[in-house]
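Residue numbers begin at 1 in each chain, while the letters A, B, ... track the order of the sequences.
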Amino acid sequence: MTVMTFAKAINDALRYEMRRDERVVVLGEDIGVNGGVFRCTEHLLAEFGPSRVIDTPLSESAIIGVAIGMAMNGLRPIAEIQFSDFIYGGFEQLVSNLAKVRYRSASHYFAPVVVRTPVGGGVRGGMYHSQSPEAYFAHTAGLKVIIPSTPSDAKGLLLSSIRNDDPVIFFEPKRLYHSMKEDVPEGEHTVPLGKARLVREGDDVSVITYGATVYDSLEAAERAAQEGVSVEVLDLRSLVPYDWDAISKSVKKTGRPVIVHEAPRTAGFGAEIAATIAEREIYSLEAPIIRVTGYDTPYPLVHERLYLPNPDRILEAVRRSIGQ
Amino acid sequence: MTVMTFAKAINDALRYEMRRDERVVVLGEDIGVNGGVFRCTEHLLAEFGPSRVIDTPLSESAIIGVAIGMAMNGLRPIAEIQFSDFIYGGFEQLVSNLAKVRYRSASHYFAPVVVRTPVGGGVRGGMYHSQSPEAYFAHTAGLKVIIPSTPSDAKGLLLSSIRNDDPVIFFEPKRLYHSMKEDVPEGEHTVPLGKARLVREGDDVSVITYGATVYDSLEAAERAAQEGVSVEVLDLRSLVPYDWDAISKSVKKTGRPVIVHEAPRTAGFGAEIAATIAEREIYSLEAPIIRVTGYDTPYPLVHERLYLPNPDRILEAVRRSIGQ
Amino acid sequence: MGLAESLPFVRTRVRRKLIICNRIDGHWGWYEFIAVLGGKVLPDPEKIGVSSDDLLKMYKAMVLTRVLDRYILRLQRMGKVALYAESLGEEAVEVGVTQALQPRDVVFPTYRELGIYLTRGVPVAEILDRMTCTVDDPLKGHEFAIFGDKRFNIVPAPTPVSTQIPLAVGYAMAAKLKGEKMVVLTIFGDGATSKGDFHEGLNFASVHKPPVVFVCRNNQYAISTHISKQTGSSTIAQKAVAYGLEGVRVDGNDVLAVYLTTKAAVDRIREGAPPVLIEALTYRMGAHTTSDDPKRYRTEDETQSWAKLDPVSRMRDYLISKGVMDEEADSVLRSEVEREVAAEVEKVLQKSGPDPLVIFEDVYSDPPWTVLEQMEELKRMIGIQRVVRR
Amino acid sequence: MGLAESLPFVRTRVRRKLIICNRIDGHWGWYEFIAVLGGKVLPDPEKIGVSSDDLLKMYKAMVLTRVLDRYILRLQRMGKVALYAESLGEEAVEVGVTQALQPRDVVFPTYRELGIYLTRGVPVAEILDRMTCTVDDPLKGHEFAIFGDKRFNIVPAPTPVSTQIPLAVGYAMAAKLKGEKMVVLTIFGDGATSKGDFHEGLNFASVHKPPVVFVCRNNQYAISTHISKQTGSSTIAQKAVAYGLEGVRVDGNDVLAVYLTTKAAVDRIREGAPPVLIEALTYRMGAHTTSDDPKRYRTEDETQSWAKLDPVSRMRDYLISKGVMDEEADSVLRSEVEREVAAEVEKVLQKSGPDPLVIFEDVYSDPPWTVLEQMEELKRMIGIQRVVRR
Ligand SMILES: Cc1ncc(C[n+]2csc(CCOP(=O)(O)OP(=O)(O)O)c2C)c(N)n1
Ligand SMILES: Cc1ncc(C[n+]2csc(CCOP(=O)(O)OP(=O)(O)O)c2C)c(N)n1
Ligand SMILES: [Mg+2]
Ligand SMILES: [Mg+2]
């Protein structure tokens, strides 16, 4: 075990897997000599050289497309998109090729690419450095979607993603990169895709969330506890596949789900969770299903703390859920 | 009133508005000399000339981007994307510019573009000529999303969309283009954005849908009636904004919502409707909220009728909703 | 030395003088429109260094392409094929580029590439299984028109044009990294060159220089859009200048010009030379696809003038004039091909389609529970379904 | 006649011999690297036809840009500016291109374009309001670093690089359709040229030929990525060949070369000539943005060698050598600028920020009920909020 920041845990996972498996290559803008704008790929160029640590031109579509081609030819490419706000230039490659190469070719070819990309707000990043586009990818059949919230999960889920034969969009909450640290196992350490993490047990309300808002939810849970309300916090970690058993178990217990994410509300991933609860656990419900999310606006530069689902907003939803 | 097919109604709306307002221009692939692959822009080139009916290079990003620039400079461009399966090449322009020009410029500039594009399956179109990507756009703050299901609505909603100062993604269910005809008002005819259409009244179950599945839902409703079950069918017509009052009214009455769309289930627009019902009308519910949708796979060429939410599947959901 | 210079015999074979730009760094070249079957006196096979076997192989592939193409069109009209993009008039490009490759080389084609599959040796039966989506369809009915099979190193095309280009670049980069001596060839239309992925793919390749050759099958139309509305440049080949790469333009209705130029490019690239952009100028004689009506956007005159340059006839005339085959051998060949194809068509019509559950196959290697549940749902539904299958 | 030929006095001013390719159709041109302030003997102002007023105006704009740039950096370090992309070393490009425009011409810049705003006459106070997001910010705090104001015909940049290019093309097409004699100028970095939107935008423009000029501010780096890893072409200008357009390369640290070349291009385009691609070769002396550390990826030596070509000093030396101003006038100018900026900075620090509800403004002209409800939700929340505001 070593104390690592979130960024360091990513870096550690990359280095570990590149040493273990020579098929692994990383590519993206400024990931080589610069070590990545968040330093997640630091020192990799020196160790693995420019044919496995590839500084690319500024072209998101080619980054994804080239990674797909490499994967089809037996490599395990990890493409970095500098901010997930810039992933849209590669959207056609993601939706039309990455998600569909296996189907189109009836598994003659497949593309085990991991697309790593920083996600979310809270760093004064404004409209184009703060977005949370995970719902677009969750709605795209053929992709898996992962979003860890701790350094240890970041490492463990990244290793599992690289080894998975399906394409994975791997979101890294950027405000955790350097603020969040903890003990992370050295060497081998995997966390299975599709399993949620029960962060805090509680009996009255289930807060279902993922990414950086896990911490806002925990803060809200603390404050709720002071008011005598026991809040369970579930970190999904994986959106596709998501852990329905964990959600169902928690909702069966509390009957009061509150779903939290940073992305805008309308047709966000929270809607999927709510819809599935409303289809399968409706008889367990003792309150309306509440969503606490970013607003349906572009991500604002000023007042972003009001825009984000902060602890105040989560607490208010918890109170509403228990009928206060 | 004249009998028009869906495609003809679109054509009529375009011609009418281009005559009325010289700021209106249309652009896209094969829309000029060829009249559009579905013939929606037929005869426009001859009447309005190549500076207002613009055959473009094969470049979806530039088509959207150029339309945005034109709109910022006072025109009312209508961009056609030949199939909505090819809209992803223009996704960055749609998400990063079209949806955000107004915000980024604090309304110094805005872009009243209409993006028209055929949507959905049922024409043996396979993976890349059958998709229903509306959820991506519904999740993108700054855009409006419209999808008519009748020739008359097609004309009325298209005129309203062109005149609206906000960008509109206008989906046209391609299997209706030539199969669906009805009386359509000649000349001026608008239908307001954001208002659903109550297609069939019923008391037991509310089928909430949009686009071509309106007809599958009606067929299921007929068959349900024969079984003594009264099904209401609501055609949303507009996803952003969607008509919550109409949904709420219907759900209050029946307590049994069934949501139908062609797009894959996970994080589809149906999830948003379900989530909102589960937040606001939970106490009206007498059954789980059921979704009947495309499956979470790429759109298949063979067996597409099994993939689509056909009347059998809708009827089965209606039966499940009333507890059979 | 530029590619055209490396093919001395073709330099005198200028049918139309079209000047394009080649290398930027160092000096400028003036390059001809590369053609072999163009001048008054055609070069002997020995001079161009192509064996009779290879000449006949290419000719036969072109004939087979033409015949099978017509049969697939008929199957489409019978409702047995969902949609088809015919190759009529473009056989020389498809056959010529493929003949230049070794079996280990990998092709990323488009949806209009019948001649490539046949030249690679894909059995007619397999192509018919594919186009009619039978139970033996190698792609399990997941999509129309396209073809692919890993055993033949043919990667099925994405319909969104140009998006296979970065994939081909990546595939080639992996080959380079692994030290494989393979070359990757990707082919695309003139319309495809307007898309961002053409640019991003070629630019990426211009920096990393993997073993890839880019071929533009410039048939002058993207559906109804004439090349003059597609781009302001007068050739596609000159677009290579933007990347500091070599670009050449060849007569795409001249299978020998296509073959020799591609071979020269591939041979160099296999030895480490940078990527090349080859523009093969041709003409789509038929409709864009079975959903298209070319009369809406071009004249009969134009089409007829291109019919005179029919690539199959030009090769036939060459082979006969050089004594590689005689008229009779040609007739025999044609009727054999016709018979073979007709027999396969008969067979394929007897076959059933794939199981409904193929819908759920090949989405993931390890499907989420949601997909598995939906498969169960469909299984249940099939019992009570009234809708017509396939 | 090519652009460089139309500027006879600069043809002798070749500082580095860099050959680029221009017109494809018709004939080939050999073009120099356009420079005015480069040779041993510099041309007199009369010879290049620029008045003293204009010379001084450009110089003053460059000085103002430099000074304000430094102040904004300081404000960023104080936490008053979220992020800033400095212009140090690139003032000549920004000032030169803008000086070539008329006020009715429209500019689509990037996030690094302070000199453009100042040359257009935007008050320092307004820029400071913008960068610090005060209550008077013309863009209401919606985004950082960028600037725009319709009154100055400056369109705020999208951060996703190159995506403003098709917008500029569309804006110009609308102008053409409406018969307006405006020219649209869009400027972007070297990195931007690798993106699909650069290609799709220029290609679209090459067909429709609206009044637009494309300027690449080639500062040789895209964050840490050197131009040699960005593209295989040795110039950006040659990328114009792909579209049959004219491309020229100018010394981007020479405000007169930039100004005169852009003016020649704009004058022609205003009269109906096709679009032009201008590459201005310069160097980013500072960091990419306030989040970047250039020591990680380039040497002090390299930066120092470019410092010798500092665009402000070069213009200053020219003006003094030609007697357009003397040393004293220069000192007065500099201290005035410094004083003016310092005073405005003082003022802006006193201002408060925008109202929280700006979050919901400018999303739609006619917002959906969902947005309106969320605004009400926030209004309610603000009462019970504990989080820190601005
Ligand atoms: C990205 C994209 N946009 C639109 C289409 C619809 N479409 C199918 S083929 C075609 C024309 C392609 O022309 P070209 O690249 O010249 O190839 P050709 O069909 O002539 O061989 C178009 C517009 C598509 N397949 N992909
Ligand atoms: C599409 C996109 N990808 C990535 C980024 C992140 N990014 C911001 S600036 C930049 C480099 C841009 O380089 P260049 O175009 O040369 O402009 P410069 O900053 O040098 O003026 C990058 C990669 C972005 N803004 N947009
Ligand atoms: Mg073509
Ligand atoms: Mg740069």
Side-chain angles (χ1 to χ4, degrees), chain A residues 60-61 85-96 99-100 103-104 127-128 131 133-142 239-240 242 257 259 263-283 285 287-291 294-300, chain B residues 60-61 85-96 99-100 102-104 127-128 131 133-142 239-240 242 257 259 263-283 285 287-291 294-298 300:
Chain A
E60 281 73 13
S61 197
D85 315 59
F86 306 134
I87 205 166
Y88 310 123
F91 201 70
E92 184 163 43
Q93 284 294 348
L94 287 163
V95 171
S96 300
K100 298 188 177 61
Y103 205 68
R104 186 165 81 221
M127 290 176 77
Y128 296 108
Q131 295 171 36
E134 66 276 6
Y136 297 132
F137 304 102
H139 184 52
T140 305
L239 306 189
V240 179
Y242 66 92
I259 302 163
R265 180 167 316 169
T266 298
F269 191 73
E272 179 59 33
I273 302 298
T276 306
I277 295 172
E279 178 154 8
R280 306 181 170 218
E281 283 298 345
I282 191 110
Y283 300 114
L285 289 182
I289 306 176
I290 300 177
R291 287 179 286 165
Y295 298 118
D296 285 318
T297 75
Y299 194 100
Chain B
E60 281 73 13
S61 196
D85 314 59
F86 306 133
I87 205 166
Y88 311 123
F91 201 71
E92 184 163 45
Q93 284 294 349
L94 287 163
V95 171
S96 301
K100 297 187 178 63
R102 186 184 280 277
Y103 204 69
R104 185 166 81 218
M127 289 176 79
Y128 296 110
Q131 295 171 36
E134 67 276 5
Y136 297 133
F137 304 101
H139 184 52
T140 305
L239 306 189
V240 179
Y242 66 93
I259 301 163
R265 180 165 319 167
T266 298
F269 191 72
E272 178 60 31
I273 303 296
T276 307
I277 294 172
E279 178 155 7
R280 303 179 174 221
E281 283 297 345
I282 190 109
Y283 299 116
L285 290 180
I289 305 176
I290 301 177
R291 285 179 287 166
Y295 297 119
D296 285 319
T297 75

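Per-residue heavy-atom pair counts under 4.5 Å with chain A were compared for B:Y103, B:Y295, B:F86, and the maximum is reached by B:Y103. The candidate from A:G90, A:A138, A:A263, A:A99 with the greatest count of non-hydrogen atom pairs under 4.5 Å with chain B is A:A138. Of the listed residues (B:A141, B:A271, B:P133), the greatest number of heavy-atom pairs within a distance under 4.5 Å of chain A belongs to B:A271. The greatest number of non-hydrogen atom pairs below 4.5 Å with chain B, out of A:H139, A:E92, A:E279, is found for A:H139. Residue with the most contacts toward chain A among B:I273, B:I289, B:I282: B:I289 (heavy-atom pairs, distance under 4.5 Å). No other option in A:S61, A:G270, A:S96 has as many heavy-atom pairs under 4.5 Å with chain B as A:S96. Ranking A:G142, A:G89, A:P298, A:P264 against chain B, the residue ahead of the rest is A:P298, based on heavy-atom pairs under 4.5 Å.
Only the side chain of B:L285 comes within less than 4.5 Å of a heavy atom in chain A; its backbone stays farther off. Contact of B:P300 with chain A is made through backbone and side chain together, with heavy-atom distances under 4.5 Å. Contact of A:I277 with chain B is not made at all, since no heavy-atom distance falls under 4.5 Å. Using a 4.5 Å cut-off between heavy atoms, A:Q131 contacts chain B through its side chain alone, with no backbone atom that close. No part of B:E281 comes within reach of chain A, as not one of its non-hydrogen atoms sits under 4.5 angstrom from that chain.
Between A:V95 and B:F91, the closest side-chain pair of non-hydrogen atoms is not below 4.5 Å. In this structure, B:P288 and A:Y283 have side chains that are in contact, with non-hydrogen atoms separated by less than 4.5 Å. Proximity of A:T140 to B:Y136: side-chain heavy atoms (C-beta onward) are separated by under 4.5 Å at one or more points.
Without hydrogens or angle criteria, A:E272 side chain to B:A267 main chain gives a donor-acceptor distance under 3.5 Å.
Taken to the nearest 0.5 Å, the OG1 atom of B:T297 stands 9.5 Å off from the NZ atom of A:K100.
Side chains of A:T266 and B:Y242: a donor-acceptor N/O pair is absent below 3.5 angstrom, by distance only.
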